[in-house]
Trainee: 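What follows is a structure written as C-alpha cells; I'll ask about it next.
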Amino acid sequence: MGDFYATLGVSREASPDEIRSAFRRLARLYHPDVSPLPDAAVRFADITAAYRVLGNPELRARYDRGESVAPPPPRPRESRRRRAARARAYKIRIESIINDMLEAERREAEFRAEAVLFVVVGWCSTLAATAVQPSLLLGPDDLFVRLILWGACLFSLWFLGRRLWVMLEHYTYRQTLLSVTAPSVPAQPFSRSAVVGLLLAGYASALVIGYWLGTLVNRRPNAPFPVFDAVHDGLLFPPITLLLLSALHRWERALRRI
C-alpha cells in the first residue's frame, strides 16, 4: 500500500488544506498530459490514490489505524473494453477534480484582489479627498449637485457594505466563548473584531494624515484649513470612488472571461 503521506510529501499531522495543496502541486507536475517524464502516469496514479485516501476524513482515519483502504480488486472476467471505459471515466473524473480546484483557486484570487482593492483604494481615496477637499469647487448655489453627490454616496455605502459583509464572512470568524467539551478551531484566519478595528483605525489614520497634508499644501495667512470640510469630503467622496473602481474591476474580469 505504501506511505501515502510520503507520496504527497506531507506530515501525518497535515491539515486537509495542506493535503489538498500538495496534491494540486504534484498533479500539475506529473499529469501525463503535461509531464515529459516516462513514469509520469505511474507517479500520477500513486499521487491520486494517496489523495483519494488522505482527502477523505473517514478513509484517512482508517489508514492511520492501519486498516485496509485498498479498493476491491476488479472482476476477473471483465472485458478489455470495459476496463478501458473505466480508465477513461476515471481520467475524466480526475481532470474534473483538478479543473474544479483550479477554478476555486481562480475565484479565491479574484476575491482576494477585490478585498485588497477595498482596503488600498479606500485608504488612498480618503486621504486624497481629505487633503484636496473637492467640495470647495462647489459654490453655495450648487445645492442640487451636493444632493446628487450625497445620494451617490449613500448608494455606494449600501453596496459596499454588502460586499464588505461578504468579505468579513469569508475571511474572519466571530469570537465566541471557548467550550471545554467541544473545542473548535475556526476555519477563517482572522478575528472579526480585530479586522473591523484595523479598518476603522486605517480610516481614521487616512483622515488625520489627509488633514495634515491639506494644512501643509493650503497654508495661507489668516486662512485656516477647515476641519469640518476636510472630514466632510473624507466621508463623501471615498465611497463613490471605490464604487466606480469596483465596477470597473468587475467589468474588466467579465471582459477577460469572454
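Reckoned from all heavy atoms, side chains included, excluding hydrogens, waters and symmetry mates.
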Trainee: Are F155 and L243 packed together at the side-chain level, in the sense that at least one heavy-atom pair is separated by less than 4.5 angstrom?
Mentor: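 Counting from C-beta outward, F155 and L243 do come under 4.5 Å.
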Trainee: So how far is it from F237 CZ to L149 CG, rounded to the nearest 0.5 Å?
Mentor: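 With rounding to 0.5 Å, CZ (F237) is 5.0 Å from CG (L149).
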Trainee: If you measure from the Lys or Arg side-chain nitrogens to the Asp or Glu carboxylate oxygens, is any gap between R43 and D46 under 4.0 Å?
Mentor: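 Judged by the 4.0 Å cut-off on N to carboxylate O distance, R43 and D46 do not form a salt bridge.
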Trainee: Output the distance between atom CD (E169) and atom CG (L164), rounded to the nearest 0.5 Å.
Mentor: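 Rounded to the nearest 0.5 Å, the CD-CG separation comes out at 10.5 Å.
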Trainee: Do Y90 and I94 make a side-chain contact, defined as non-hydrogen atoms from C-beta onward lying under 4.5 Å apart?
Mentor: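 The answer is yes; the side chains approach within 4.5 Å.
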Trainee: Could you check if a side-chain atom of L54 sits within less than 4.5 angstrom of a side-chain atom of E18, using non-hydrogen atoms only?
Mentor: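 No - every pair of side-chain heavy atoms lies 4.5 Å or more apart.
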Trainee: Do the side chain of S96 and the main chain of I92 share a donor and acceptor less than 3.5 angstrom apart?
Mentor: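 Side chain of S96 to backbone of I92: no pair is present.
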Trainee: If I take atom CZ from residue F23 and atom CD1 from residue I97, how far apart are they, to the nearest 0.5 angstrom?
Mentor: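 Between atom CZ of F23 and atom CD1 of I97 there are 6.5 Å.
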Trainee: Report yes if the side chains of R12 and D3 come closer than 4.5 Å at any heavy-atom pair, otherwise no.
Mentor: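 The answer is yes; the side chains approach within 4.5 Å.
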Trainee: Output all residues satisfying side-chain hydrogen bond (donor to acceptor under 3.5 Å, both in side chains) with E95, sequence neighbours left out; order by chain, then residue number.
Mentor: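 If we apply the side-chain hydrogen bond (donor to acceptor under 3.5 Å, both in side chains) test to E95, skipping adjacent residues, there are no hits.
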Trainee: Can you get from I209 to L216 by hopping between Ile, Leu, Val, Met, Phe, Trp and Tyr side chains that sit under 4.5 Å apart?
Mentor: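 Yes, same cluster.
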Trainee: Write down the atom of G55, the atom of P57, and the distance for their closest heavy-atom approach.
Mentor: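 Between these two residues, the closest heavy atoms are O-CD, 3.7 Å.
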Trainee: What pairs with V116 under side chain to side chain contact (heavy atoms under 4.5 Å, CB included), at least two apart in sequence or on another chain?
Mentor: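 Listed in chain order: V120.
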Trainee: For R93, does the CZ atom sit with more than 12 other heavy atoms under 6.0 Å from it, leaving out its own atoms?
Mentor: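 Open.
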Trainee: Has Y171 got a side-chain atom pairing as donor or acceptor with A115's backbone, closer than 3.5 angstrom?
Mentor: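 Side chain of Y171 to backbone of A115, a donor-acceptor pair under 3.5 Å: no, none is there.
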Trainee: Charged N to carboxylate O below 4.0 Å: is that the case for E110 and R107?
Mentor: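 No salt bridge links E110 with R107.
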Trainee: How about CD on E252, more than 12 heavy atoms from neighbouring residues, nucleotides or ligands closer than 6.0 Å, or not?
Mentor: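 Buried by this count: over 12 neighbours within 6.0 Å.
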Trainee: Below 4.0 angstrom, N of the basic side chain to O of the carboxylate: do R112 and E108 qualify?
Mentor: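 A salt bridge links R112 with E108.
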Trainee: Taking the side chain as everything from C-beta on, heavy atoms only, tell me whether E103 gets closer than 4.5 Å to R106.
Mentor: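 Side-chain contact under 4.5 Å: yes.
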Trainee: Could you pull out the closest heavy-atom pair between P239 and S156, with the gap in Å?
Mentor: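 The answer is O-CB, 3.4 Å.
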Trainee: With a 4.5 Å heavy-atom cut-off, do I47 and L29 have their side chains touching?
Mentor: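 When only atoms from C-beta onward are counted, L29 and I47 do not touch, as no gap falls below 4.5 Å.
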Trainee: Taking all atoms of both residues into account, what is the closest heavy-atom pair of D233 and P134, and its distance?
Mentor: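 Shortest heavy-atom separation between D233 and P134 comes out as OD2-N, 3.1 Å.
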Trainee: Keeping S205 on the side-chain end and G202 on the backbone end, is there a donor-acceptor pair under 3.5 Å?
Mentor: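 Checking the backbone N and O of G202 against the side chain of S205, a donor-acceptor pair under 3.5 Å is found.
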Trainee: When you compare the side chain of L117 with that of V121, does any pair of heavy atoms fall below 4.5 Å?
Mentor: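 Yes, side chains in contact.
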Trainee: Would you name the heavy atoms of R24 and M101 that are closest together and state the gap between them?
Mentor: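 Closest approach of R24 to M101: NE-CB, 3.8 Å.
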Trainee: Are W158 and Y203 co-members of a hydrophobic cluster defined by side-chain heavy atoms under 4.5 Å apart?
Mentor: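 Hydrophobic grouping puts Y203 apart from W158.
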Trainee: Ignoring hydrogens, what is the shortest heavy-atom contact between L8 and I19? Give both atom names and the distance.
Mentor: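 Looks like CD1-CG2, 3.8 Å.
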Trainee: For residues 122-136, which residue pairs pass the salt bridge (Lys or Arg N to Asp or Glu O under 4.0 Å) check, not counting sequence neighbours?
Mentor: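 Pairs touching residues 122-136 that pass the test: none.
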Trainee: Taking a hydrophobic cluster as the set of Ile, Leu, Val, Met, Phe, Trp and Tyr residues connected by side-chain heavy atoms closer than 4.5 Å, whether directly or through intermediates, do L248 and F111 fall within one such cluster?
Mentor: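 Yes, L248 connects to F111 through the hydrophobic network.
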Trainee: Is there a path of hydrophobic side-chain contacts, each under 4.5 Å between heavy atoms of I, L, V, M, F, W or Y residues, that connects I240 with L242?
Mentor: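 The answer is no; the residues belong to distinct hydrophobic clusters.
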Trainee: Grab the two heavy atoms, one from S246 and one from E114, that are nearest each other, plus how far apart they are.
Mentor: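 Reported closest heavy-atom pair: OG-OE2, 4.1 Å.
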Trainee: Mind checking whether L235 and Y211 sit in one hydrophobic cluster, side chains of I, L, V, M, F, W, Y counted as touching below 4.5 Å?
Mentor: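 Yes, L235 and Y211 fall within the same hydrophobic cluster.
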Trainee: Take atom CZ in R162; do more than 12 heavy atoms of anything else shown fall under 6.0 Å from it?
Mentor: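 12 or below, so no.
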Trainee: How far does CE of M167 sit from CZ of F118, to the nearest 0.5 angstrom?
Mentor: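 Output value for this atom pair is 4.0 Å.
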Trainee: How long is the gap from CG on L160 to SG on C153, to the nearest 0.5 Å?
Mentor: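 So the gap between those two atoms works out to 9.5 Å.
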Trainee: If we only count heavy atoms from C-beta on, is the Y5 to R60 side-chain gap below 4.5 Å?
Mentor: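 Result yes, sub-4.5 Å side-chain heavy-atom pair found.
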Trainee: Could you verify whether a donor N or O on one side chain and an acceptor N or O on the other, from Y63 and N56, lie under 3.5 Å apart?
Mentor: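 Short answer, no.
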Trainee: Just how far is it from atom CG of L143 to atom CD1 of I148, taken to the nearest 0.5 Å?
Mentor: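 L143 atom CG to I148 atom CD1 measures 10.0 Å (nearest 0.5 Å).
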